[in-house]
Number of protein chains: 2
Amino acid sequence: MGAQTSPALPVPTRRQRLREQTQNEIKAAARAQLVSNGPGGVQLRAVARDVGLTAPALYRYFPSLEELVEALTVDLFDELCDVMEGAAAPAADPFARMLELSRAFRRWAMQHPHEFGLLFASPPTALGQQPTNACQQASDRFGNLFASAFIAIWDAAPFPVPADDEVEPAMTAGLMPYRTWLVANVAPDMPLGAVVRFLEGWVRIFGCVAMDAFGHLSWAMPDGEPMFEQVMSSLAEMVGRPDAYVPPKASV
Amino acid sequence: MGAQTSPALPVPTRRQRLREQTQNEIKAAARAQLVSNGPGGVQLRAVARDVGLTAPALYRYFPSLEELVEALTVDLFDELCDVMEGAAAPAADPFARMLELSRAFRRWAMQHPHEFGLLFASPPTALGQQPTNACQQASDRFGNLFASAFIAIWDAAPFPVPADDEVEPAMTAGLMPYRTWLVANVAPDMPLGAVVRFLEGWVRIFGCVAMDAFGHLSWAMPDGEPMFEQVMSSLAEMVGRPDAYVPPKASV
DNA sequence: TCACGCTCGTGAATGCCGTTTACAGTTATG
DNA sequence: CATAACTGTAAACGGCATTCACGAGCGTGA
């Protein structure tokens, strides 16, 4: 009845706190399994064992194994986004921010290949079923990180891009919905050609990171970082700022 | 006892033929499961049911589910390579061949996303264990398709590439083993810079195809083909033959 | 022709899995 | 303090991969 109990939301009851804590323990155990067994190797009974419960008890916290993995996915997207945001100062030069965002992305992917696999290689596994709202939201946050970084680069210093009528008609058509959304919501003055450049860059960054994380580069080189850095350097040229690329600080 | 029975190998006994036929039926059933359930959704018992056998019977043909999937993987690599070779005339202009190889690759990936997932997205699933010999061999054939196509382009008309001392030292170091192998075996006169360009191109092609197949492009565009075609066009410029890119024949 | 061995298939059994159900103990609340 | 909500358990179900012991059929050499 004290005065400070009036806002209902910020005062979770004791049980709620314990419940949330247990949920986190469960997700942590699930992640440990993900790390050692890969996506698909997360087992409900094993998670329960690790956390000191019987299997049916987990159903008090997650309605199914699948939803547990989904919750873990959301957490991992958030972790990845947090790491990326923590690595790139928003106030920095826009391209420097993009550079640091991308490097943090690559670093996280290399350090957590199985988590990366869960986030980015599952679609073929789960093809045909649309993702959960929460999942979609989490991956949107990730996408927006890159998009807003690109928009900042463009707003700070537009660079030459193909004119609207130089873009392939097929691409123009396919890109229209996204482009109108962009213009209406976040980047009023971005031409179609810039959107194309954004996607090109995103494909190169993601492709480089994903191939490395999935081991599709190791036949030619043991470490994909130099290739990644070169991609970033060539992207600096693409956005008309060849000087903006700076090599990474030497790692320890 | 006839004269034609002398070579032991080319005359498989009747049993051997039946056995092989059953093996193929099993792999076909496994593939059907792969298509409908995705990698990881291939179940031994379900395969057995589909082929009209009990589960233990499959162990007469494959020592485990895992090895069945591996055999299927090898088959799929071969099918992909056959399709690609069938789509690209070896005698054609070297870049045209690369173009057709890449398009066939993309086409196959789009038409068989689950098979593509099994071939190219499993490493995170099976991270830490080196592939079977047969698997390695099959994926080597795939890699060599692209490599030899690139070598043909280079041999036909070398193009400007970064000089050896312009390549990042880190990349030079990592690339050395592969480069010396290339020079020793298939491309005696290929400079380091050309190897770098090859990998760049490969990363862009694969990245574009993989992202599309995994649905990581659909948030921006429903169909990744125009983006893929643009990548191919820009690769034509990269190899100094901007004229060599020709748009695809209109699809039906 | 017959008997032997090899191949291929089966049913039963083991131990794991995800999930459901019924039940008991604990905790918060009127 | 009684009542309801919450959190855990044991038992059970069906499905899974895998192993084993067994039998039926084929191919071959005496």
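None of the values given here were measured: they were computed from a predicted structure. First the proteins, then the strands, lettered A, B, ... as listed; each starts at 1.
Summary of helix geometry: the two end axes of the helix from C/dT1-D/dA30 to C/dG30-D/dC1, each defined by five base pairs via their C1' atoms, are inclined to each other by 20° (rounded to 10°).
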Next item on the list: If a protein heavy atom is under 4.0 Å from the base, mark B; if only from the sugar-phosphate, S; if neither, -; do that for nucleotides 18-30 of chain C going 5' to 3'.
Entry: BBBB-B---BS--

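Pairs of residues two or more places apart, or lying in two chains, that qualify as side-chain hydrogen bond (donor to acceptor under 3.5 Å, both in side chains) and include a residue from residues 67-77 of chain B are B/K27-B/D75, B/E70-B/T132. Under the ring pair (Phe, Tyr, Trp, His ring centres under 6.0 Å) criterion, the residue pairs touching residues 66-85 of chain B are B/F77-B/F120, with sequence neighbours excluded. The list of salt bridge (Lys or Arg N to Asp or Glu O under 4.0 Å) pairs with a residue in residues 105-117 of chain A, not counting sequence neighbours, reads A/R31-A/E115, A/R106-A/D212, A/R106-A/D223. Among pairs with a residue in residues 49-64 of chain A, none fulfils salt bridge (Lys or Arg N to Asp or Glu O under 4.0 Å), at least two apart in sequence or across chains.
Heavy atoms of A/L53 sit under 4.0 angstrom from primed sugar atoms or phosphate atoms, though from no base atom.
Between B/W108 and B/E79 there is a side-chain heavy-atom pair separated by less than 4.5 Å.
B/R97 pairs by the salt bridge (charged side-chain N to carboxylate O under 4.0 Å, His left out) definition with nothing, not counting sequence neighbours. Among residues two or more places apart in sequence or in another chain, the ring-ring contact (aromatic ring centres under 6.0 Å, His included) test is passed with B/Y178 by A/W219. Remark: A/E229 engages A/R103, A/E225, A/Y245, A/P248 in a side-chain contact (heavy atoms from CB on, under 4.5 Å) (not counting sequence neighbours). Every residue was checked against the salt bridge (charged side-chain N to carboxylate O under 4.0 Å, His left out) condition with B/R179, not counting sequence neighbours, and none meets it. Taking the salt bridge (charged side-chain N to carboxylate O under 4.0 Å, His left out) definition, one finds that A/E85 meets it with A/R141, sequence neighbours left out.
First and last contacts of DNA chain D with chain A, using any nucleotide atom under 4.0 Å from a protein heavy atom and ordered 5' to 3', fall at D/dA5 to D/dA11.
Atom pair B/R49:CZ and C/dG11:P shows a separation of 14 Å (rounding to whole Å applied).
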